[in-house]
Amino acid sequence: MFELPVTTIEGPELFVLEFGDIVNYFTVYTAVLFTFALLFTILVIISRPERQVDFAFGGDAFYTKDITPGQFRFQRFMALACGMATLGAMMSGDVFNFTLFTSMVGITNIGIVAAYRNRHVLNAAFQYGIVAMIATVPLFGSAAIILATTGTLSMWALFGPAIAVPLVAKIFLVLGVMGEGMAPFYVAKAEITRAPGAPYVLMIHVSSLLLFLRVVEIVISM
Amino acid sequence: MKRREGRGTWISRISRTISELENLAGLYAVLFIAVTVLGAFTLTSLIYHDDQLYPKTIDAADPLNPYQRGGTPFNTTDVQAQYPDNSPYLGYVTAYLTPVTRFIADHTPYMGTTIVAHPGGIIDEILYNTRGLDTVAETSILFVAFAIAAHLFRRDE
C-alpha cells in the first residue's frame with residue numbers, strides 16, 4: 001500500500017509501521033541511521049563512566065578523579081531518553097512527529113549538560129537552553145506552514161511530486177533542527193567535553209549528527 | 001608593537017566573536033531573524049490549502065468550543081483521516097464524554113478550555129486515534145522536562 005515516490009535519494013523502503021495517520025518507515029538510509037542510534041544507546045546502557053586523570057605540569061604527580069557510577073545516574077537516564085528520541089526521529093514518517101522528537105532530543109541534551117556542577121558548563125547549558133527555546137519557533141512554525149499550505153503532514157504525501165512545499169518552511173525546519181540538535185554549535189560543545197562524564201556526553205553529538213542527516217534527507221525529498 | 005592574539009585580521013575578529021559562548025543565543029537569533037525577513041518577502045506566495053486534512057470550525061456558543069467534532073458516542077462518525085485503512089474504528093470514540101465532563105459541558109460554557117486540565121475530557125478522534133504517536137511523544141517531552149526540573153531542584157539534598 002505504501003510506496004515511496006522517490007527512491008533515488010534514500011533507497012527503497014524496507015519496513016512500514018502504521019500508527020493511524022502517522023506511518024513510520026525504514027529505508028536503507030534511515031535504517032543505517034537507526035542502527036547507529038541503537039548502537040550508541042546500547043553503549044550508554046552497558047558502559048560505566050570514564051575515570052579522568054589530571055597530570056601536574058612539569059612533574060610526575062597526577063590526580064585520579066574519584067568518579068562513581070552513582071554520580072552519573074541522571075546523565076545516563078537523560079542519555080537513554082535522548083537515544084530513544086533519536087530512534088523515534090530516525091524512523092518518523094510524519095513532519096509534526098519528527099519535530100516533536102527533535103524537540104525531545106533538544107530538551108534531553110539540555111538535561112545532560114545541566115546535570116554538571118561546573119560553573120562554566122552550566123553557563124553553556126544556559127545558553128543552549130535559550131537557543132533551544134528560540135528554535136522551537138522555526139521548528140513548529142515549519143510544520144504549521146507545511147500543514148497550512150499543503151493540507152497534510154504525512155511525508156508519504158509530501159515527498160510526491162504533486163505537492164510543493166514552500167522554501168521558507170524547509171529553511172525553518174533546518175534552522176529548528178540546528179537549534180535543537182545544536183549541530184553547528186561546536187564552539188560551546190567543547191566546553192562540555194572538558195567535564196567528566198563520557199560516554200554519556202557523546203549522546204549529544206550522536207543525536208545531533210543523526211538528526212541533521214535525517215533532516216537533510218527530509219528537506220531534499222520534499 | 002606586538003599584536004595580541006585574535007586581534008589581527010578581520011577573519012580572526014569574526015572567529016573570536018562567534019567563539020564567545022555568550023554570543024551563541026544572539027548569533028542564532030540573528031540567523032532566525034534573517035530567515036524570517038526572507039520568509040516575509042515570500043509571504044504572498046504562500047497560499048492556504050483549502051482541502052485541509054484536519055479541519056476546524058469555531059462555534060463560540062458551543063461549550064466544547066474548539067474541540068467540537070460532532071457525532072454520537074459509540075457510533076460511526078464521519079472523521080477525515082489520511083489513511084482510513086489504518087484506523088478501522090475511526091469515528092467510534094469521537095464525541096464520547098465522561099460523566100463528569102458531560103456535567104461540566106451541560107452546566108458551563110467553558111468545557112473546551114478545561115480539556116487539558118482533567119483526564120478523559122473528550123476522547124478526541126484526531127488526537128488519540130489517528131495521531132496517537134504524537135500524543136505519546138508530547139507527554140514524553142513533558143515528563144522529561146519535569147524530570148530535569150526535579151533533578152535540578154533536589155540535587156543538593
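Order of the sequence lines fixes the chain letters, A, B, ..., with proteins taken first and strands second; residue numbering starts at 1 for each chain.
The most heavy-atom pairs under 4.5 Å with chain A, out of Ile47(B), Thr42(B), Leu43(B), Leu38(B), come from Ile47(B). Heavy-atom pairs under 4.5 Å with chain B were tallied for Ile130(A), Leu167(A), Ile107(A), Ile145(A); the largest tally goes to Ile107(A). Of the listed residues (Gly176(A), Ala169(A), Pro138(A)), the greatest number of heavy-atom pairs within a distance under 4.5 Å of chain B belongs to Pro138(A). When each of Ser154(A), Gly88(A), Pro166(A) is scored by its heavy-atom pairs under 4.5 Å with chain B, the top score falls to Ser154(A).
In this structure, the portion of Leu122(A) lying under 4.5 Å from any heavy atom of chain B is its side chain and not its backbone. Within the 4.5 angstrom heavy-atom criterion, atoms from both the backbone and the side chain of Leu100(A) approach chain B. When heavy atoms are compared at a cutoff of 4.5 Å, Met78(A) approaches chain B solely by way of its side chain, counted from C-beta outward. At a 4.5 Å heavy-atom cutoff, the contact between Leu147(A) and chain B is made by backbone and side-chain atoms alike. The parts of Asn123(A) that come within reach of chain B are both its backbone and its side chain, each placing non-hydrogen atoms under 4.5 angstrom from that chain. The contact between Ala147(B) and chain A is made by backbone and side chain atoms together, counting heavy-atom distances below 4.5 Å. With a threshold of 4.5 angstrom between heavy atoms, Phe126(A) does not approach chain B through any atom at all. Residue contact with chain A, scored on non-hydrogen atoms closer than 4.5 Å, involves the backbone and the side chain of Thr36(B) alike. The parts of Thr149(A) that come within reach of chain B are both its backbone and its side chain, each placing non-hydrogen atoms under 4.5 angstrom from that chain. For Ala135(A), the parts lying near chain B are the backbone and the side chain together; criterion is any non-hydrogen pair under 4.5 Å.
Ring geometry, Trp156(A) versus Tyr25(A): the interplanar angle exceeds 60°, so the pair is classed perpendicular (tilted spans 30 to 60°). Relative orientation of the Phe40(A) and Phe36(A) rings is parallel, given thresholds of 30° and 60° on the angle between their planes. Ring geometry for Phe26(A) versus Phe34(A): interplanar angle over 60°, hence perpendicular rather than tilted (30 to 60°).
Between the side chains of Thr27(A) and Thr30(A), at least one donor N or O lies within less than 3.5 Å of an accepting N or O.
Not counting sequence neighbours, Glu13(A) has no partner by the salt bridge (Lys or Arg N to Asp or Glu O under 4.0 Å) test.
Remark: the backbone N or O of Phe74(A) is not paired with any side-chain donor or acceptor of Tyr200(A) at under 3.5 angstrom. Looking only at distances, no side-chain donor or acceptor of Asn97(A) sits under 3.5 Å from a matching main-chain atom of Ser92(A).
Counting heavy atoms from C-beta on, the side chains of Asp94(A) and Asp21(A) never come closer than 4.5 Å. Contact of the Tyr28(B) side chain with the Leu24(B) side chain is not registered, since no non-hydrogen atoms from C-beta on lie closer than 4.5 Å.
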